[in-house]
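Chain identifiers are assigned alphabetically (A, B, ...) following the order of the sequence lines, protein sequences preceding nucleic acid strands; residue numbering begins at 1 within each chain. Computed over heavy atoms, backbone and side chain alike; hydrogens, waters and symmetry mates excluded.
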Number of protein chains: 2
Amino acid sequence: MAQFIAHCRARGLSVTPQRLAIYHALLTSSQHPSAEDIYRRIRRQHPTISLATVYKTLETLEQEGFISKVTPLHVTARYDANRARHHHLICVRCQAIEDFSTEALEHLPLPQEVTGSWRILDYTVQVLGLCRECQKKERA
Amino acid sequence: MAQFIAHCRARGLSVTPQRLAIYHALLTSSQHPSAEDIYRRIRRQHPTISLATVYKTLETLEQEGFISKVTPLHVTARYDANRARHHHLICVRCQAIEDFSTEALEHLPLPQEVTGSWRILDYTVQVLGLCRECQKKERA
DNA sequence: GTTATTGCAAACATTTTGCACCAGC
DNA sequence: GCTGGTGCAAAATGTTTGCAATAAC
């Protein structure tokens with residue numbers, strides 16, 4: 001948390017009670033809360049905080065590399081009729097999704113602690129990166 | 001497509017032009033369209049179709065196992081302050097998300113065709129399954 | 001004092017629902 | 001004819017934006 005404050009100072013970001021509370025809520029939660037979850041939790045200490053502030057702060061924290069969205073895709077659902085196991089390349093810039101599949105990822109070694117308690121139905125690898133087009137645009 | 005029709009008949013699902021068009025649009029698209037994309041594409045042939053029908057049909061197709069959502073998480077964004085590489089166990093029943101990490105998944109062998117054209121920034125494995133609690137409830 | 005942040009309200013986008021009409025079986 | 005599907009409109013949900021008041025620096 002001291003490191004967080006130092007980082008904010010260094011980057012010219014105000015250190016506000018709201019910002020600290022939001023970051024603290026995320027740090028001390030193991031349940032991948034939604035913006036709404038965080039909002040409800042924080043409201044006890046900060047009764048006037050607004051959901052919009054939570055969203056804005058989460059965006060800032062993500063830009064600064066402190067947190068990440070667990071749903072890296074754009075919010076809108078995307079559908080797929082490809083029924084074979086395959087993985088996704090997701091362009092972080094233009095949101096394009098490309099399939100790939102490879103024998104090398106057919107039988108991932110999931111640890112015993114996972115297979116012991118969960119019943120596994122399926123898995124996919126989500127690779128984040130820049131597609132060929134967006135690499136060009138980044139250089140421009 | 002013939003197999004699709006046969007499956008619908010066997011399951012007591014009506015074979016409607018709209019349903020066929022939606023499934024066809026998905027089959028012949030490699031770009032993981034959204035509901036809106038499908039809607040716009042189909043409207044040329046079916047000018048009276050509604051977006052609600054597209055959504056309802058997509059849900060049916062998913063239940064029947066013909067398609068899947070590329071965003072398997074619930075629509076709301078979930079956040080994470082864990083900065084180390086880790087993977088997600090997602091319960092398909094209660095939406096819980098649990099982290100796990102293992103040395104075995106630290107350096108996944110991505111194929112040359114991927115690393116050759118995309119600039120890879122990160123990846124995570126998304127495992128879908130039933131958590132311990134929901135396994136119990138399923139049996140009940 | 002200046003700049004960034006907050007909190008409100010309103011807008012926006014996506015998805016779901018209720019219901020009357022219609023089509024498939 | 002019965003059942004399930006469609007299409008419309010309205011509601012619900014999640015997220016973003018504009019802006020004036022306020023707090024951090």
Side-chain angles (χ1 to χ4, degrees), chain A residues 4-25 32-64 66-79 95, chain B residues 4-25 32-40 42-64 66-79 95 97:
Chain A
F4 174 69
I5 294 172
H7 177 105
C8 288
R9 293 254 148 76
R11 299 267 303 153
L13 297 170
S14 305
V15 177
T16 65
Q18 294 91 333
R19 194 163 276 175
L20 290 174
I22 291 166
Y23 184 55
H24 182 256
H32 302 279
S34 65
E36 185 79 35
D37 293 335
I38 295 169
Y39 172 62
R40 278 199 299 266
R41 184 161 158 200
I42 286 179
R43 208 149 42 147
R44 286 181 239 153
Q45 322 297 335
H46 301 267
T48 68
I49 201 170
S50 78
L51 190 51
T53 298
V54 175
Y55 275 107
K56 285 171 187 167
T57 304
L58 289 171
E59 201 186 332
T60 306
L61 293 179
E62 199 184 3
Q63 278 166 11
E64 296 297 314
F66 281 106
I67 64 170
S68 52
K69 275 194 186 174
V70 172
T71 353
L73 300 174
H74 192 253
V75 276
T76 61
R78 304 275 285 263
Y79 298 85
Q95 245 84 252
Chain B
F4 174 68
I5 294 172
H7 177 103
C8 288
R9 293 253 147 77
R11 298 268 302 154
L13 297 170
S14 304
V15 178
T16 65
Q18 292 91 333
R19 196 163 273 174
L20 290 173
I22 290 166
Y23 184 55
H24 182 257
H32 302 280
S34 65
E36 184 78 36
D37 293 336
I38 295 169
Y39 172 62
R40 278 199 299 267
I42 286 179
R43 206 150 44 147
R44 287 181 237 153
Q45 323 298 333
H46 300 266
T48 68
I49 201 170
S50 79
L51 191 51
T53 297
V54 175
Y55 274 107
K56 286 170 187 166
T57 303
L58 289 171
E59 201 185 331
T60 305
L61 293 178
E62 199 184 2
Q63 278 165 12
E64 296 296 314
F66 281 106
I67 64 168
S68 53
K69 276 194 186 175
V70 173
T71 355
L73 301 173
H74 193 253
V75 276
T76 62
R78 305 275 285 264
Y79 299 84
Q95 244 85 253
I97 303 175

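The residue among A:Pro47 and A:Arg19 whose nearest nucleotide of DNA chain C is located toward the 5' end is A:Arg19. Comparing B:Glu36 and A:Gly12, the nucleotide of DNA chain C nearest to each residue sits closer to the 5' end for A:Gly12.
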Practice item. Applying side chain to side chain contact (heavy atoms under 4.5 Å, CB included), run through B:Gln18 and B:Thr57 and close with a yes or a no. Key: CA-CA 9 Å; B:Gln18 292 91 333; B:Thr57 303; 5.7 Å; no
Practice item. Could you walk me through whether B:Tyr23 and B:Arg19 pass side-chain hydrogen bond (donor to acceptor under 3.5 Å, both in side chains), step by step? Key: CA-CA 6 Å; B:Tyr23 184 55; B:Arg19 196 163 273 174; over 6 Å; no
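In this structure, A:Gln18 does not reach the D:dA23 phosphate: none of its side-chain N or O atoms is under 4.0 Å from OP1 or OP2. Between A:Tyr55 and the phosphate of D:dT15, there is a side-chain N or O to OP1/OP2 separation shorter than 4.0 Å. Using a 4.0 Å cut-off, some side-chain N or O of B:Thr57 falls inside it from OP1 or OP2 of D:dT6. Within the 4.0 Å cut-off from OP1 or OP2 of D:dA23, not a single side-chain nitrogen or oxygen of A:Thr16 is found.
In the set D:dA24, C:dC25, D:dG7, D:dA24 carries the atom at the smallest distance from any side-chain atom of A:Pro17. The side chain of A:Ser50 sits closest to C:dG7 out of C:dG7, C:dT5, C:dG24. Of the candidates C:dT17, D:dC25, D:dT6, C:dT17 carries the atom nearest the B:Ala52 side chain, counting heavy atoms from C-beta on.
Straight-line distance from the CD1 atom of A:Ile42 to the P atom of C:dT6: 11 Å, rounded to whole Å. The separation between A:Tyr39 atom OH and D:dT13 atom C1' is 15 Å, rounded to whole Å. Taking atom CG of residue B:Leu58 and atom P of nucleotide C:dT15, one finds them 10 Å apart after rounding to whole Å. The nearest whole Å value for the distance from the CZ atom in A:Arg9 to the P atom in C:dT5 is 13 Å. Spacing between atom CD of B:Glu59 and atom P of D:dT6 amounts to 13 Å, rounded to whole angstrom units. Between the P atom of D:dA21 and the CD1 atom of A:Ile49 lies a distance of 21 Å, rounded to the nearest Å. If you take CG of B:Leu51 and P of D:dA11, they are 18 Å apart, rounded to a whole angstrom. Spacing between atom CZ of A:Arg11 and atom C1' of C:dT3 amounts to 16 Å, rounded to whole angstrom units.
Between the CG atom of A:Leu51 and the CZ atom of A:Arg43 there is a distance of 9.0 Å, given to the nearest 0.5 Å.
Nucleic acid contact for B:Thr53: base, since at least one base atom lies under 4.0 Å from a heavy atom of the residue. No contact: B:Thr60 has no heavy atom under 4.0 Å from any strand.
The base of D:dG4 has none of its N or O atoms less than 3.5 Å from a complementary donor or acceptor on the side chain of B:Lys56.
Counting heavy atoms from C-beta outward, A:Ile38 and A:Leu58 have side chains that approach closer than 4.5 Å. Proximity of A:Leu20 to A:Pro17: side-chain heavy atoms (C-beta onward) are nowhere separated by under 4.5 Å.
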